[in-house]
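Reminder, nothing fancy here: chain letters follow the sequence lines and each chain counts from 1.
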There are 2 protein chains.
Amino acid sequence: MDWRAIKFDWNRARAFLVTAEEGSLAAAARALDMTQPTLGRQVAALEQEIGVDLFNRRGRGLELTPNGMKLVEHVRAMGDAANRFSLSATGKSDIIEGNICITTTELLATFILPPMIQKLRQSEPGIEIEIISTNDESNLNRREADIAIRSFRPSQQELIVKKLYDVKGHLYAATSYLQRLGNPNSIDELNKANFIDFEKSGRLLSLLNAQGFNLSSDNFPVITKNHNVQWELVKQGVAICGMLEEIGDNEPLVERVVVPGLVPITAKVWIVTHKELRTNRRVRRVFDFLVSEFANYQNKYDRS
Amino acid sequence: MDWRAIKFDWNRARAFLVTAEEGSLAAAARALDMTQPTLGRQVAALEQEIGVDLFNRRGRGLELTPNGMKLVEHVRAMGDAANRFSLSATGKSDIIEGNICITTTELLATFILPPMIQKLRQSEPGIEIEIISTNDESNLNRREADIAIRSFRPSQQELIVKKLYDVKGHLYAATSYLQRLGNPNSIDELNKANFIDFEKSGRLLSLLNAQGFNLSSDNFPVITKNHNVQWELVKQGVAICGMLEEIGDNEPLVERVVVPGLVPITAKVWIVTHKELRTNRRVRRVFDFLVSEFANYQNKYDRS
DNA sequence: CATCAGGTATACATAATTGTATGGATTGGC
DNA sequence: GCCAATCCATACAATTATGTATACCTGATG
């Protein structure tokens, strides 16, 4: 067999791929933990090697040429295969030391995960933990994380999913704020209150209106995706927001908003990992640990 | 987007792939024009990076571990994509300078191609030519060559095929050898002659027996795939072999074996290139040049 | 059982790649 | 129309990967 077509520097293909996807050399360099000159040189070397202009240098970032757009398909295929390789390789590794990346919501990352991670670090000092706190869905097939903890069952195939616990939440407000509202005693009275939503589309809005509220966007003067910010605003008496029962009940500055007809918010929390990774000792250790910790957490809370 | 899974050194994946396919680090190094220590270090680094043993070091060569066998599937996919990338990239290149690899039979490479290449080199000094002279079928999809000139239509898809010329051949023998045989005048008399075949399976044998000969393997005391060797043996009066009409007729040491009922050997010669390469200026230049040269060649010979 | 061919691993010098620092250029906002 | 931010290209130093030479190992062969 001959390998003429394979002799080229594959790292240059990688540089091409990431640069094309990220849109600029600088962004690609950040993504790959390299420097912009390095990426620039790799891409330039690839262009010279194959004799094809891949990008048009524009003031702001780079732009794929028509040829580049066709060729990026192939390096994307390489990247997909590289992903599968990496995924499968990690699954077959049996060394316990190393990095584990967990992605979860800001709520869980802030209020629930930290003590668990502390405990895990003590029992497994060789495992380094990286937590990506984002409310965006992440793609485990691309190994954006090893383990995800989400409040929905992911749609992707090839994943292992397990229910962690049933989360229960309520509306909370600062005592001072409720007093200012005149201690509302019905849903109707709450219709003039202010709430904090995650996004303009109004997730909380539609949830509450489904329960008999009659809210409009006027009731949501503050919008932030960041749960911590939400919570601080509520503690300061700015508005009302939803919060996990166990967190809200333990915060002295706030109290549950209790009116007839208002039912608790419930959701399920799932832990997810890629099928391939389940066979990795390190991933399995963390996965099982979290499952067990969340079981303890739920039991402890249910009893109290 | 995150690129955790893609950050690893892709050249190490390439080293893994070629080593697995070739069976040893040394062979892989030869295939990639690198040195064995380099390949060894790359593979070792990959093994350490992913924490998986890919090969068992054995005295003679390396042997894939079970994990390695599974993982090589993915790097093979990377390699296939790399192939497609390379193929497509070369097709989109518009620089005329560079290397072109032509594979053809020993016969054509020795007797017909050289003057054409000489002429091409003069008109296109920027194009470097590499000629692979082998009677084995080569795989253009894997870019073992850019252009192939063969006496059969290749079965592979994605190829561009064009008939170059009709080749005519005869049996030739040294005058001295024919005298020793008593200047045979019939096929029957030739049945006691010696011939030279390409391989043990007996391509020439079956060809001649189909024409009324009654030959066995005893008639083929010398077997060599190498046409040059065949031809030299014939000139020395060792045996009879087939040869292109225009070459044989111009060789004073030999003469056509002419007996009643013996018909010329005919075949078609095809030029082949990959579809993607046809759009490459360099390949197209050489391709078109060869088509035109072979047309001239056939005309010139037909008139004489 | 000795020899030889082919293969792998290591030491060291060399070559190539990478990072740092910096200049120049373009875009978007005020 | 200017300023700030962002990005690309280049010079030089530091790091890293590579090749050469060589020792050592294994399996085939006579």
Is there a side chain to side chain contact (heavy atoms under 4.5 Å, CB included) between B/I127 and B/R285 once you walk through the steps?
CA-CA 10 Å; B/I127 302 182; B/R285 179 77 188 86; 4.2 Å; yes
Run the salt bridge (charged side-chain N to carboxylate O under 4.0 Å, His left out) check on B/E73 and A/R84 step by step: do they pass?
CA-CA 10 Å; B/E73 296 301 326; A/R84 292 194 298 275; over 6 Å; no
The criterion is ring pair (Phe, Tyr, Trp, His ring centres under 6.0 Å); which residues satisfy it with A/H274, sequence neighbours excluded?
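In terms of ring pair (Phe, Tyr, Trp, His ring centres under 6.0 Å), with neighbours along the sequence ignored, A/H274 is linked to no residue.
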So B/E124 and B/R282, salt bridge (charged side-chain N to carboxylate O under 4.0 Å, His left out) or not? Walk me through it.
CA-CA 10 Å; B/E124 294 286 359; B/R282 191 163 65 243; over 6 Å; no
What is the separation between atom CG on A/L32 and atom P on C/dT17, rounded to the nearest whole Å?
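Value for this atom pair: 18 Å.
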Quickly work out the A/E47 CD to D/dC8 C1' distance and round it to whole Å.
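Rounded to the whole Å, the gap is 13 Å.
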Scan nucleotides 11-23 of chain D nucleotide by nucleotide, 5' to 3', and note B when protein non-hydrogen atoms come under 4.0 Å of the base, S if they reach only the sugar-phosphate, - if neither.
B-----SBBBB--
With axes from five pairs an end, tell me the bend angle of the helix from C/dC1-D/dG30 to C/dC30-D/dG1, nearest 10°.
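Nearest ten degrees gives 40° for this helix.
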Going by atom types alone, do B/N219 and B/N194 pair a side-chain donor with an acceptor below 3.5 Å?
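No, no side-chain donor-acceptor pair sits under 3.5 Å.
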Looking at B/Q48, I want to see if its CD is surrounded by more than 12 non-hydrogen atoms of other residues, nucleotides or ligands under 6.0 Å.
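Count not over threshold, so no.
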Distance test, side-chain N/O of B/R30 to OP1/OP2 of C/dG7, below 4.0 Å
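It does, given that an N or O in the side chain of B/R30 lies less than 4.0 Å from OP1 or OP2 of C/dG7.
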Could you walk me through whether A/F85 and B/L46 pass the side chain to side chain contact (heavy atoms under 4.5 Å, CB included) test, one step at a time?
CA-CA 12 Å; A/F85 171 78; B/L46 180 63; 4.0 Å; yes
Would you say A/E47's side chain and A/F55's backbone share a donor-acceptor pair under 3.5 angstrom?
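Present.
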